[in-house]
Amino acid sequence: MQHLTYQTLDGSRASLSPDELDVLAQGIRGGVLTAADADYEPARRVWNGMVDRHPALIARCLGAQDVRNAVDFARTHRMLLSVRSGGHHIAGNAVADGALMIDLSPMRTVRVNPESRTARVGAGALLGDFDHEAQAFGLATPLGINSTTGVAGLCLGGGFGWLTRKYGMTIDNLLSADVVTADGQLRVVSATQEPELFWAIRGGGGNFGVVTSFEFRLHPVGPQVYAGLVVYPFAQAQRVLRAWRDFTAGTPRELSVWAVLRQAPPLPFLPESIHGKEVVVFALVHNGDPAEGERLAARVLEFGEPVGSMLGTQPYAGFQTAFDPLLAPGARNYWKSHNFAEIGDELIDAVIHGASTLPGPECEAFIAQLGGAMGEVAETDTAYAGRDANFVMNVHGRWQDAAEDDKVRDWARRVFRDTAPFATGGGYVNFLTEDEEGRVDSAYAQNYARLQQLKQQFDPDNLFRMNPNITPAALARTA
């Protein structure tokens, strides 16, 4: 075997001898891949098809000791390091050219304790893995809306979905975690064990170490919930969005209603005449008495004159996969997002204007209804600092042809710019693209200085930098 070239933390190039590579390989039970291996290509691919990077090495970890060995190796050789769980982050932070990738995807075990209503979840588990096991006991915790998203990345950045109004964010339900820090130590963190590090990982992303397992609190959910879609023609957009805004001001926490503006996909409950035309879609989930869910959904049907609806009692785990076909891996994706405390008429008009110029059939703008239990946690109780957001908008550019890159990104940036005057100024780090490093400090608001100090304590050399990066305090002072 020849020497292998890699990228160092300072951006220069260095090489590893065959003996050094053997040392790493002997310490990783799942094996180490290079570009010469058949499994390398699928292992380096991530969800966003715009990301096409080639790591020098991929360490396929099966447990915490594999992760410790990989972190020690990267630190010793000052290798650029990335960490992959689900590989779903829009910026593609799971992979970097010339880096050592710590691949957690084999670590997908989910173990549910129905008596204590807790779950121990491996760092490679996907939302679908978690829901499948927890729903066997009629339990769940707040997660996202795409079953192929990794639990680890979702949680470390905050995590929200259909259950957030009732049970808080994903991080609000995290009880403990196992974390390998930059010194190679495995630390168990919770509210009583290393509470500062526990505070930091609840929203601070992958900046403070590699979480190898999570312990979550579970809640009674389903297995059946009242859920579905109501679709309106775009000509009624202003009317129905204002009605939605007024309706959501008084809805119970068991109900979440999200608004989506996009072109209508060819769904069987929609007339063919509307396929490919701009529409307003309301997606809703009610976690409670189905009769009450049906009563509340009837109000959504009264916003205007819908062109189609699909509502009813269905498995919660099933609805968690409902949007998977629209979010399949491999397409090109670019996002821009804002947090909003309220939805005013001018904001509605700006979003409608943006949706009237959709650059392609897969592009959309969605506004998630939040608030409720999420907003009852103090801004400084966790690293996540967007508790004032009652709504989060994501302008989702999605397309297939690289020739359309500029057109779609320009559209997303324009909608972002036009809606900025109505935003809180904060942001959701899980939605930040690779060209938005300048928004990281504002996303963490008053918590950023504390996060920098903790970054200095646990990762002074910024080994964990492939993320919406928090600069260690000392490095920030010398920059």
Side-chain angles (χ1 to χ4, degrees), residues 145-146 162 226-248 251 255-286 296-312 314 319 321-328 331 333-338 340 343 345-369 391-400 404 407-408 411-412 414-416 418-419:
I145 64 166
N146 180 202
W162 302 117
Y226 195 90
L229 307 173
V230 179
V231 182
Y232 285 97
F234 197 70
Q236 298 178 34
Q238 186 181 77
R239 171 186 171 187
V240 299
L241 286 171
R242 290 184 179 186
W244 165 74
R245 182 264 321 278
D246 295 342
F247 174 66
T248 57
T251 50
L255 180 68
S256 292
V257 187
W258 295 15
V260 186
L261 290 80
R262 59 167 296 131
Q263 292 180 9
L267 297 172
F269 68 91
L270 293 177
E272 288 189 15
S273 60
I274 204 73
H275 294 176
K277 304 290 181 59
E278 284 75 17
V279 291
V280 180
V281 183
F282 295 105
L284 65 91
V285 173
H286 181 269
L296 290 166
R299 297 277 305 280
V300 180
L301 289 164
E302 296 170 352
F303 291 171
E305 290 79 43
V307 292
S309 64
M310 181 183 67
L311 295 166
Q314 57 187 289
F319 197 73
T321 70
F323 300 100
D324 288 2
L326 302 178
L327 297 167
N333 292 268
Y334 183 81
W335 296 352
K336 298 290 284 187
S337 76
H338 279 307
F340 302 109
I343 304 292
D345 290 350
E346 290 181 285
L347 172 58
I348 288 173
D349 291 344
V351 174
I352 292 172
H353 177 71
S356 70
T357 58
L358 290 168
E362 297 181 83
C363 298
E364 66 181 27
F366 78 75
I367 304 176
Q369 179 197 9
F391 302 89
V392 172
M393 179 185 71
N394 193 24
V395 183
H396 186 171
R398 182 177 170 89
W399 67 107
Q400 305 294 329
E404 298 182 342
K407 179 179 74 171
V408 179
W411 168 77
R414 184 169 62 252
V415 179
F416 174 81
D418 291 348
T419 52

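It should be emphasised that the depicted structure is a prediction, and the values quoted were computed from it without experimental measurement. Quick note: residue numbers are just sequence positions, from 1. FYI, side chains are in, hydrogens and waters are out, and symmetry mates aren't considered; it's all heavy atoms of this structure.
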Q.
We want to know whether H396 and N333 form a side-chain donor-acceptor pair, criterion being a heavy-atom distance below 3.5 angstrom.
A. yes
**Q.** Polar side chain donor-acceptor pair, E362 to Q400, under 3.5 angstrom
**A.** yes
(Q) Is the distance between the ring centroids of W162 and Y226 under 6.0 Å? (A)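 Centroid distance Y226-W162: not below 6.0 Å, so no.
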Q. Looking at W399 versus Y334, is the centre-to-centre ring distance below 6.0 Å?
A.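 They do not qualify: ring centres at least 6.0 Å apart.
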Shortest non-hydrogen contact from [X] toward [Y]:
X	Y	result
P325	T321	CD-O, 3.8 Å
C363	V408	SG-CG1, 4.0 Å
A259	F282	CB-CE2, 3.8 Å
F319	Q314	CD1-OE1, 3.4 Å
F234	V280	CD1-CG2, 4.4 Å
W411	P359	CD2-CD, 3.3 Å

Side chains of [X] and [Y]: does their closest heavy-atom pair fall under 4.5 Å?
X	Y	result
V240	V230	no
L255	L284	yes
F247	F303	yes
L301	S309	yes
V279	Q263	no
D324	N146	yes
V231	P306	no
E364	V281	no

Q: Given side chain to side chain contact (heavy atoms under 4.5 Å, CB included), test L267 with M310 step by step and report yes or no.
A: CA-CA 10 Å; L267 297 172; M310 181 183 67; over 6 Å; no
Rounded to the nearest 0.5 Å, what separates atom [atom1] in [X] from atom [atom2] in [Y]?
X	Y	atom1	atom2	result
D349	L241	CG	CG	9.5 Å
I352	T357	CD1	OG1	12.5 Å
D246	T251	CG	OG1	11.5 Å
L311	H286	CG	NE2	13.0 Å
F366	F391	CZ	CZ	13.5 Å
L261	H353	CG	NE2	13.0 Å

Under the 3.5 angstrom rule, does the side chain of [X] hit a backbone N or O of [Y] as a donor-acceptor pair?
X	Y	answer
H275	L270	yes
Q236	E305	yes
R262	P361	yes
W244	R239	no
R242	I348	no

Q: Please determine if K277 and E272 form a salt bridge, counting it only when a charged side-chain N lies under 4.0 Å from a carboxylate O.
A: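 Result for this pair is no, no salt bridge flagged.
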Q.
In terms of relative ring orientation, are H338 and F340 parallel, tilted or perpendicular, with 30° and 60° separating the classes?
A.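 Tilted: the ring planes of H338 and F340 meet at 30° to 60°.
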